[in-house]
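Written out below as structure tokens is the structure these notes cover.
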Amino acid sequence: MKKTLILSACASLSLLFSSCKSAPITFDNRSPIGILSVMGNSAITWYSDKDSDEDMSDGLLTTMVNKLIDSNNPEVTTGVDRADYTDESLRSMLEEIGGVKVIAKDKVLKSSTYQAYSRSPLAFLDTSVAATGYTKLGGLSAKTARNIMREIGAKSLIIANIDCHKTLYSGNNRNGKVQGMVTLKIKFIDERGKEIVNKEFTVLSDDLVIMRGRKYDKAEFVESFKELIDNSIKLFIMEYVGNGVIEDLDSDEVDAISLPVKPRPNAGTAEPNGESSEKVEEKVVEKADSAIEAESEKTPSSDDLSKTENELKELKSLFDKGLITEDEYKAKKAKVLGL
């Protein structure tokens, strides 16, 4: 009798602990996905390094003034264009690389619950912009999320935010080397309306722009952000496709993937530890090289990624045409991804 009771107790404890363990969430069982909004900063501003003595960031007032006096500056006038590009790129890569169906944008925008969404009265303080047609979303209740999913036929939702910045790689705020930086913030909401993923993916440009007397080719600099946006989206999708699962996280937990390491913008000055900024920069570069080398061991090269994308496109085309079954499609896709 005692043995029976002990076994029953052990079984109960085992069931309790197993039920508390986070279950892996795949893209497949969350398809189709609805993109609720794609937002971004209105202007490409200087990235603020909180540890730096020289703050080059732009605040609310500066952003408003820039729009008034710098109306021909592409860094200021192309905010919606960058958000639109992010929306299109995210949508196509989710389908082509992630292998999931994405709900048509117009279907999301026509949702009665989506159209009835109202923002906070303090929303005017938000200087961000939304891609064409979207509402700038703040907090979203689980009930609202579930209602939208029911209306559009989605099993999960994504809210994306793309922040584009410039960093001072070396030099000072008049003469130096400027580097592009993109941070993609993704919120992933499951069928319960619960925010299960909140992640950031940061990418720095390999190409540096020479700045002399605060002047540089801003049009060319802005154009380079398309590649950075694409790369940040690939980091997001390939991490999940490569691992096969998305870990179920608490809504307030934010992970960041930053590659390479962010450089300090105040080069040419002495550091608190007595080292010159040149020495510090050398260490930063060494760390960045190490990070890139470590990442390259687990991340496909650009050639491999391109080959994988093409193979996935071909498989999806065969599946869409009914030439292979769903089981064959999933098996072949897993083989291509090395799962």
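Of all non-hydrogen atoms in F225 and I44, the two that sit nearest each other are CE1-CD1, 3.7 Å. Residues G34 and I152 come closest through the heavy atom pair CA-CD1, 4.3 Å.
At least one side-chain heavy atom of L140 sits under 4.5 Å from a side-chain heavy atom of L36. With a 4.5 Å cut-off on side-chain heavy atoms, Y47 and D163 do not count as touching. Considering only heavy atoms from C-beta on, W46 comes within 4.5 Å of V178 through its side chain. With a 4.5 Å cut-off on side-chain heavy atoms, L157 and F188 do not count as touching. No side-chain heavy atom of M39 sits less than 4.5 Å from a side-chain heavy atom of K185. Counting only heavy atoms from C-beta outward, the side chains of N173 and R214 approach each other to under 4.5 Å. Side-chain contact between K155 and P32 is present, with heavy atoms from C-beta onward closer than 4.5 Å. S156 places none of its side-chain heavy atoms less than 4.5 Å from the side chain of D190.
Note that the OG1 atom of T86 and the CD1 atom of I162 stand 4.5 Å from one another [nearest 0.5 Å]. Here the straight-line distance linking atom CG of L208 with atom CG of D206 works out to 8.5 Å at 0.5 Å rounding. Taken from OH in Y117 to OG1 in T144, the straight-line distance is 8.0 Å, to the nearest 0.5 Å. Atom NZ of K105 is separated from atom NZ of K110 by 13.0 Å, given to the nearest 0.5 angstrom. Remark: F236 CZ to K199 NZ distance equals 9.5 Å, nearest 0.5 Å. Remark: M238 CE to N231 CG distance equals 12.0 Å, nearest 0.5 Å.
Within the 3.5 Å criterion, the main-chain N or O of L109 finds a donor-acceptor partner in the side chain of Q115. In this structure, the side chain of S232 engages the main chain of I229 through a donor-acceptor pair within 3.5 Å. One N or O on the side chain of H165 and one on the backbone of T45 form a donor-acceptor pair closer than 3.5 Å. At least one donor-acceptor pair closer than 3.5 Å links the side chain of Q179 to the backbone N or O of S205. Formation of a donor-acceptor pair under 3.5 Å by the S31 side chain with backbone atoms of K101 is found in this model. Proximity of a side-chain donor or acceptor of R146 to a complementary backbone N or O of G193 within less than 3.5 Å is not detected. Between the side chain of S37 and the backbone N or O of T135 there is at least one donor-acceptor pair closer than 3.5 Å.
If you check the side chains of D87 and Y134, you find a donor sitting under 3.5 Å from an acceptor. Residues D230 and S89 have side chains that bring a donor and an acceptor to within less than 3.5 angstrom of each other. N41 and S128 share no donor-acceptor pair across their side chains, judged by distance under 3.5 Å alone. For the residue pair S42 / T127, no side-chain donor-acceptor distance below 3.5 Å is found, with atom types taken as modelled.
By the 6.0 Å and 45° rule, K218 stacks over the aromatic ring of Y216.
K177 NZ: 12 or fewer foreign heavy atoms inside a 6.0 Å radius.
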Item to check | Test side-chain contact (heavy atoms from CB on, under 4.5 Å) applied to I189 and I159, step by step | outcome: CA-CA 8 Å; I189 301 169; I159 299 175; 4.2 Å; yes
Checklist entry - Between Y114 and N147, is a side-chain contact (heavy atoms from CB on, under 4.5 Å) present by the stated rule, with each step listed? => result CA-CA 9 Å; Y114 186 85; N147 287 340; over 6 Å; no
Item to check | Residue pair Y169, V209: steps toward the side-chain contact (heavy atoms from CB on, under 4.5 Å) verdict | outcome: CA-CA 9 Å; Y169 184 84; V209 176; over 6 Å; no
Checklist entry - side-chain contact (heavy atoms from CB on, under 4.5 Å) between L168 and M211: does it pass, once the steps are laid out? => result CA-CA 10 Å; L168 192 60; M211 176 175 63; 3.9 Å; yes
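Residues K107 and E151 are not paired through a salt bridge, judged by the lack of any N-O separation under 4.0 Å between the basic side chain and the carboxylate.
Test I103, I158, V102, I233 against R91 for side chain to side chain contact (heavy atoms under 4.5 Å, CB included) and you get one pass: V102.
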